[in-house]
Amino acid sequence: MTHFDFYFDPVCPFAWAASRWLRDRAAAHGADVDWHLMSLAILNENEEPDSDEQRRRLETARRLGRVIAAATAKTGADAIDPLYTALGKRIHHAGDEMTPGVVAEVLTAAGLPAELADAMDDESFDTAVRESHQRGQDALGEDGGSPILGIDGTFFFGPVLADLPTGDEAEALYSSLVTLAGTPTFAQLKRPAGPPTFS
């Protein structure tokens with residue numbers, strides 16, 4: 001049975017699109033997915049943000065990473081999937097600003113204690129975020145963005161999806177990536193893409 005590891009930053013729209021596709025196809029195939037936190041804030045900490053908007057997004061990434069780390073510390077890794085799902089709906093579909101009040105609502109929707117929203121400003125969780133992030137980078141073997149996908153122990157940056165594939169396209173992508181992961185000579189394939197939009 002195929003096993004997946006998926007490293008994501010919650011503010012990344014490419015990771016969100018890939019995660020929804022993977023969640024659906026893995027369930028259809030009875031495959032396991034382990035969800036892991038990475039951080040675009042850490043990845044880019046030595047670079048000056050291009051704009052105030054990017055600065056805000058990276059700060060949101062840092063603060064939400066702490067919340068995910070806090071939830072994992074309190075209830076275990078099984079908290080990540082429902083929390084990421086609840087966060088993604090508010091970030092990528094509703095377009096909500098991630099205030100402490102909104103994050104408390106998200107935590108409640110994910111079946112987690114609302115007071116974990118206090119972790120947004122608790123720097124004591126930064127070590128756990130950094131350690132999870134680094135595990136993803138080490139598995140990939142170089143610096144990589146969000147998402148990082150592991151398929152039976154072979155890791156890639158991506159998939160970078162410009163939209164959510166459905167039906168036969170979603171299944172073809174699944175089978176193709178599993179095949180590529182099992183091909184030791186395959187390393188990389190890339191074409192430019194803009195960020196996905198979610199209605």
Side-chain angles (χ1 to χ4, degrees), residues 1-40 61 64-65 67-68 71-72 75-96 106-112 132-133 135-137 139-141 144-199:
M1 183 171 65
T2 303
H3 176 82
F4 296 93
D5 289 280
F6 190 89
Y7 285 84
F8 67 93
D9 186 300
V11 306
C12 176
F14 296 112
W16 177 247
S19 74
R20 297 309 90 185
W21 158 79
L22 178 61
R23 201 166 182 259
D24 175 73
R25 288 298 84 205
H29 286 266
D32 293 326
V33 182
D34 285 338
W35 304 94
H36 310 278
L37 181 64
M38 65 91 63
S39 174
L40 291 174
L64 293 181
V67 173
I68 293 170
T72 304
T75 65
D78 287 346
I80 299 176
D81 181 19
L83 179 52
Y84 181 33
T85 296
L87 281 169
K89 290 176 180 177
R90 299 293 292 266
I91 296 169
H92 301 293
H93 296 270
D96 291 334
V106 167
L107 286 159
T108 300
L112 294 163
S132 182
H133 172 83
R135 284 192 293 272
Q137 302 298 295
L140 183 62
S146 176
I148 293 170
L149 177 64
I151 306 174
D152 291 331
T154 298
F155 286 80
F156 300 97
F157 165 54
V160 175
L161 302 180
D163 203 347
L164 281 170
T166 59
D168 291 344
E169 182 182 349
E171 181 59 25
L173 178 61
Y174 180 93
S175 61
S176 297
L177 288 179
V178 170
T179 298
L180 290 173
T183 306
T185 53
F186 175 76
Q188 188 178 54
L189 187 67
K190 182 178 180 180
R191 66 179 174 187
T197 57
F198 306 101
S199 58

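All of these numbers come straight from a predicted model, not from anything done at the bench.
- The side-chain heavy atoms of Leu164 and Phe198, taken from C-beta on, include a pair separated by under 4.5 Å.
- At a threshold of 4.5 Å between non-hydrogen side-chain atoms, the residues Val33 and Arg23 do not count as touching.
- What you find for Ala86 and Ala110 is that their closest heavy atoms are CB-CB, 4.2 Å.
- The nearest pair of heavy atoms linking Ile148 to Gly136 is CD1-O, 3.9 Å.
- Of the inter-residue distances, the one linking Thr185 atom OG1 with Leu180 atom CG reads 9.5 Å to the nearest 0.5 angstrom.
- When all heavy atoms are compared, the tightest approach of Asp9 to Leu40 is OD2-N, 2.7 Å.
- With contacts defined as side-chain heavy-atom distances shorter than 4.5 Å, the pair Gln137/Met38 qualifies.
- Atoms CZ and OG1, from Phe186 and Thr179 in turn, are 11.0 Å apart once rounded to the nearest 0.5 Å.
- Contact of the His92 side chain with the Leu87 side chain is not registered, since no non-hydrogen atoms from C-beta on lie closer than 4.5 Å.
- Taken from OG1 in Thr166 to CD in Glu171, the straight-line distance is 12.0 Å, to the nearest 0.5 Å.
- When atom types are taken as modelled, the side chain of Ser175 and the backbone of Ala172 share a donor-acceptor pair closer than 3.5 angstrom.
- For Ser146 (side chain) and Ala15 (main-chain N/O), no donor-acceptor pair under 3.5 Å exists by modelled atom type.
- The heavy-atom pair separating Asp163 from Pro165 by the smallest distance is O-CD, 3.2 Å.
- Taking all atoms of both residues into account, the shortest heavy-atom contact from Ile91 to Pro10 is CD1-O, 3.7 Å.
- For the atom pair OG1 (Thr154) and CG (Leu177), the distance works out to 12.0 Å, reported to the nearest 0.5 Å.
- By the ring pair (Phe, Tyr, Trp, His ring centres under 6.0 Å) test, Tyr84 is found to be paired with Phe8, Trp16, residues two or more places apart in sequence or in another chain being considered.
- Considering all non-hydrogen atoms of both residues, Pro159 and Ala18 come closest at O-CB, 3.5 Å.
- Applying the ring pair (Phe, Tyr, Trp, His ring centres under 6.0 Å) test to Phe14 and every residue at least two apart in sequence or in another chain returns nothing.
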Report the C-alpha separation of His3 and Asp34 in whole Å, then their side-chain angles, then the decisive distance to 0.1 Å, and conclude whether the side-chain hydrogen bond (donor to acceptor under 3.5 Å, both in side chains) test is met.
CA-CA 8 Å; His3 176 82; Asp34 285 338; 3.2 Å; yes

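- Under the ring pair (Phe, Tyr, Trp, His ring centres under 6.0 Å) criterion, Phe157 pairs with no residue, sequence neighbours left out.
- In this structure, CG on Leu161 lies 9.0 Å from CD on Glu169, to the nearest 0.5 angstrom.
- Rounding to the nearest 0.5 Å places CZ of Phe155 at 8.0 Å from CG of Leu149.
- Side-chain contact between Ile68 and Leu83 is present, with heavy atoms from C-beta onward closer than 4.5 Å.
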